[in-house]
Number of protein chains: 2
Amino acid sequence: MADELKVMGTLRRRALDAARLLLEESGAEGVQLRAIAARVGSGVATLYHHFDDKDALLAALAIEGWGELARKIEEAMASDRFAHRIDGASTAFLGFIRRHPQLYALMQTEQALAANREVRAAEQQAFASFQTAFRGDERVPPERVEEISLVIWVLGRGIASAVLMQAEPGAADELVRRVISGFGFLLSPRFAG
Amino acid sequence: MADELKVMGTLRRRALDAARLLLEESGAEGVQLRAIAARVGSGVATLYHHFDDKDALLAALAIEGWGELARKIEEAMASDRFAHRIDGASTAFLGFIRRHPQLYALMQTEQALAANREVRAAEQQAFASFQTAFRGDERVPPERVEEISLVIWVLGRGIASAVLMQAEPGAADELVRRVISGFGFLLSPRFAG
DNA sequence: AACCCTTGTCGAACCATGTTCGGAAGGTCT
DNA sequence: AGACCTTCCGAACATGGTTCGACAAGGGTT
């Protein structure tokens, strides 16, 4: 509320940044057009010259989020910190959820975005990146790649939604730990389904 | 809008029924106090004598939902249609999600309810019922019961949120099928994690 | 009966937030 | 200069949650 530097950077860009900040500060509730306009130092009506409506703004935010997630996944797979690409991709995925819970919730649970084709395409893109981690892994038969990566992807959605329900942040970490531990056990040969 | 039978049944009960109906007809967007009041044939202000506010109404809806789910799980476990109690509980869980996607979404993703202690307790209760399906199963070591049931529970959340994102209903069924198939494969001894 | 207190009800207003309207300021093209 | 486009804005509008003040019905209490 003090900075308001109107100089440089398209207003669209700055509005998205402000929205992202508001989202992380105060959750989805906090993302209000008047609040964004105040941060950016513009009038509310101005925002409508850069976005069709609020949903379009949220959609742009979500699309950027999926892109960011895809990039993180690819970086992790490229790095040599992990024994398997699957581990890298999964770690990047979970890390993103833990680091940006509000953003991921928006990307994932906002009903209004479900109908948006571009958002869906962006998620498909991210999922495609994730899938490549499973393709070529000797433990995964090629015809199962899609199914198996889908399971982990969906489990990630579940973890995110469970995490958001937790009131205290510590509980969230513990929850994630337990889910991963349990999942690991299910995958181990000890468990004969 | 034609019935409006004011006779019998506390208004609270009828308001909840109307809300539930609105939820299933038109999604969370459709659950509006004025719409509920119209259905029930009362003024809007009257609703405030039965619920603290809208969130309290939604919370009551969610609590009933969790109770319903717990009941379904227990019925399925008691029946003899399933080889293992785990199968019964899981089927009941998934069936509930598929049959009441909007309600489950409310129970699970509505941010406002995350802070509500009674809603959380109701979910804990339902989860506890679910957990008993794993307790005593010869394939699950006792010390792993909690973790493993948690994984399935969280996976269910993920399935629900993924299903809600699907535009066409057919795609949702296909998605659920693929996730379950993939999960089944991961559990099979063929996959050595 | 007269009095009060609680409960349920309501229309009207209040308020926050997304949205639209009409116009102003500045640039570019002809 | 004139026409036109983009960017911008204050003000008003629409919707939906919420509060206010009042009215009616029932049940004690005196």
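The chains referred to below are lettered A, B, ... by the order of the sequence lines, with proteins before strands, and numbering in each begins at 1. Just so it is clear, the structure is predicted and the values come from calculations on it, not from any experiment.
Rounded to an integer number of Å, the gap from CD of Glu29(B) to C1' of dT15(D) is 12 Å. Rounded to an integer number of Å, the gap from Ile36(A) CD1 to dT19(C) P is 11 Å. Spacing between atom CG of Leu58(A) and atom C1' of dT17(C) amounts to 13 Å, rounded to whole angstrom units. For the pair Leu22(A) CG and dT17(C) C1', the computed distance is 14 Å after rounding to whole Å. Rounding to whole angstrom units, CG of residue Leu33(A) and P of dG18(C) are separated by 5 Å.
Between Leu69(B) and Ile97(B), every side-chain heavy-atom pair lies at or beyond the 4.5 Å cut-off. Counting heavy atoms from C-beta outward, Met107(B) and Trp66(B) have side chains that approach closer than 4.5 Å. At least one side-chain heavy atom of Phe127(B) sits less than 4.5 Å from a side-chain heavy atom of Leu150(B).
Near DNA chain D, meaning a heavy atom under 4.0 Å from it, residues 48-56 of chain A has His49(A), His50(A) in order of number.
Arg39(A) has a carboxylate O that lies under 4.0 Å from a charged side-chain N of Glu25(A), or vice versa, which qualifies the two as a salt bridge. Salt bridge present: Asp17(A) and Arg13(A) bring a charged side-chain N and a carboxylate O closer than 4.0 Å.
Among the nucleotides dG17(D), dC21(C), dC10(C), the one closest to any side-chain atom of Ala45(A) is dC21(C). In the set dT9(C), dC20(D), dG16(D), the nucleotide with an atom closest to the side chain of Arg34(B) is dG16(D).
Shortest non-hydrogen contact noted between Gln131(B) and Ser149(B) is CG-OG, 2.9 Å. Closest non-hydrogen pair, Ser42(A) versus Leu47(A), comes out as OG-CD2, 4.4 Å.
Ring centroid separation for the pair Trp153(B) and Phe93(B) comes in under the 6.0 Å cut-off.
Legend: residues meeting ring pair (Phe, Tyr, Trp, His ring centres under 6.0 Å) with Phe134(B), ordered by chain and number and at least two apart, are Phe130(B).
The C1' atoms of five pairs define one axis at each end of the helix from dA1(C)-dT30(D) to dT30(C)-dA1(D), and these two axes lie 20° apart (to 10°).
Close to dT7(D), at under 4.0 Å from its OP1 or OP2, lies no side-chain N or O of Thr46(A).
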